[in-house]
Amino acid sequence: MSDILVEKSDGIAIVTLNRPMQRNAVTFSMWCELAELFRQFDGDTDIRAILLMGAGSDFSAGADISEFETVRGGVEESTRYEVAVDAAGDAIYEVSKPTVAVVRGYCLGGAAHLAMSCDFRIAEESATFGIPAARLSIVYGVSATRKLFSLVGVSEAKRILYSASRFTARDALATGFIDELAADAHAAALERANAMAANAPLTIRGAKFILNGCTRGDLDRVEAERLIDKASSSHDYAEGRKAFGEKRSPRFLGR
């Protein structure tokens, strides 16, 4: 059975890390597969929103440390590994569709990078967060650290990274690490995804591109203006105006 499962229904793609016996620890091959999968999602017009979750009781315990001797044994291997981790996180971060992480149980280390790469994080009380890099003499990557900083601020980011300690879902909500605490994170995430999926894809694509660029400090204004112009001249813009006048819900096609 695949270590990553994909289910598509009614415009929503659900990506499940599928190693429950290993608390969904992410292998090197899984990092590579996630990067490719989310790049493919970007061009799939049938997908309007994406959920990322783990099978069983955990989101993920993070990178599969048991394989580090072979895939991350020295500097060259470590560099190759970090490139793969960043590629997975950045593919999730940059995909033009809204993304929601569904967090139950462990969300540690590299798994926190996956969750932070999503637009939203919805967790249950059972969720436990942490970035134990300081207990392994690993420097958390630039891409992941930037995402952490953008969510919780510099002081809290330093506390999380320097202490390597775990924190609860309520702590995560208080610091801004997660967006919502729910009794059923999967149901809450689906509700949010469906609401976003009903809106104009070109609007979401443009908004996400601009917000991500502002967050990184490298906004490509030419591309931003191109996306704005594309939406303004689209079928969906005409449909939105027509639906408003007819007092009905618009039917957006993403073009």
Side-chain angles (χ1 to χ4, degrees), residues 6 8-15 34-52 86-102 113-122 142-153 176-180 188-255:
V6 179
K8 300 178 185 179
S9 179
D10 298 326
I12 310 297
I14 301 176
V15 179
L34 283 167
E36 181 58 29
L37 185 61
F38 276 81
R39 291 189 193 110
Q40 291 174 7
F41 285 157
D42 198 62
D44 189 336
T45 57
D46 291 332
I47 294 175
R48 297 292 184 90
I50 306 165
L51 269 56
L52 178 62
D86 283 351
D90 290 346
I92 296 169
Y93 186 77
E94 293 167 4
V95 69
S96 58
K97 322 299 171 74
T99 53
V100 187
V102 180
H113 186 183
L114 292 178
M116 291 189 296
S117 297
C118 292
D119 295 311
F120 306 100
R121 287 147 297 283
I122 300 178
V142 174
S143 178
T145 301
R146 174 184 52 75
K147 291 165 188 168
L148 177 64
F149 166 69
S150 71
L151 289 175
V152 304
F177 190 92
I178 65 172
D179 304 280
E180 183 180 344
L190 268 178
E191 182 179 358
R192 185 177 295 213
N194 280 314
M196 294 184 293
N199 289 330
L202 296 177
T203 298
I204 292 173
R205 183 186 189 99
K208 185 167 184 175
F209 180 85
I210 293 169
L211 287 168
N212 284 356
C214 289
T215 300
R216 291 191 303 261
D218 64 354
L219 177 62
D220 182 341
R221 294 188 66 93
V222 173
E223 178 61 14
E225 291 298 332
R226 189 191 71 80
L227 292 172
I228 291 169
D229 291 344
K230 181 177 181 180
S232 297
S233 60
S234 68
H235 165 278
D236 284 356
Y237 179 48
E239 164 65 7
R241 299 195 311 273
K242 184 177 180 182
F244 180 81
E246 296 175 355
K247 295 182 172 55
R248 61 172 174 81
S249 297
R251 294 181 290 274
F252 295 121
L253 302 178
R255 54 180 176 82

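The chain is numbered in sequence order, starting from 1.
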(Q) Quick one, Leu151 and Arg121 - any side-chain contact, counting heavy atoms below 4.5 Å? (A) yes
Q) So does Glu239 pair up with Arg248, basic N to acidic O under 4.0 Å? A) yes
Q.
Can you list everything that forms a ring-ring contact (aromatic ring centres under 6.0 Å, His included) with Phe38? Sequence neighbours excluded, please.
A. Phe41
**Q.** side chain to side chain contact (heavy atoms under 4.5 Å, CB included), paired with Leu51, selected from Val15, Ile122, Leu190
**A.** Leu190
Q. Do NZ/NE/NH1/NH2 and the carboxylate oxygens of Lys230 and Asp236 come within less than 4.0 Å?
A. no
Q | Asp46 with Lys8: basic N within carboxylate O range, under 4.0 Å | A | no
Q. Nearest 0.5 Å, what's the CG-CG distance between Asn212 and Asp218?
A. 9.0 Å
Q) Roughly how far apart are Leu37 CG and Ile50 CD1, rounded to 0.5 Å? A) 8.0 Å
Q.
Would you say that Phe209 contacts Asp220 through its side chain, given a criterion of any heavy-atom pair below 4.5 Å between the two side chains?
A. yes
Q: Look up atom CG in Leu227 and atom CD in Glu225, then write down how far apart they are to the nearest 0.5 Å.
A: 9.5 Å
Q.
I'd like to check Pro98 versus Lys208 (side-chain heavy atoms, cut-off strictly below 4.5 Å). Are they in contact?
A. no
**Q.** Asp179/Arg192 salt bridge by N-O under 4.0 Å criterion
**A.** no
Q: To the nearest 0.5 Å, tell me how far Leu34 CG sits from Asp90 CG.
A: 12.5 Å
